Amino acid sequence: MKRNVRGAISLIGGGASKDGTYSDEDCRNILDMLNDPKDETEISHRNRVPLRIRDFR
């Protein structure tokens, strides 16, 4: 929230359920993981890196 970033989290499968929906409890658990300084879960870095094209042929 400090960086104003929204996206998938850095867990294999993105922590998503099979049908892509989240219950209130799922959302609370994910927010708890993101807010826990001891937990290394974060918003996926690859989804917020600028694209830089060096060469085009």
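This chain uses plain numbering: 1 for the first residue, then up along the sequence. What you see is a predicted model, and the numbers here were worked out from it, not measured in a lab.
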Using side-chain contact (heavy atoms from CB on, under 4.5 Å) as the criterion, list what pairs up with Glu25, not counting sequence neighbours. Ser23, Arg28, Asn29

Listed partners of Arg54 passing side-chain hydrogen bond (donor to acceptor under 3.5 Å, both in side chains), at least two apart: none

Got Met33 and Leu31 here, is their nearest side-chain heavy-atom distance under 4.5 Å? no

Sequence neighbours left out, what passes side-chain hydrogen bond (donor to acceptor under 3.5 Å, both in side chains) with Asp39? Give chain and number order. Thr41

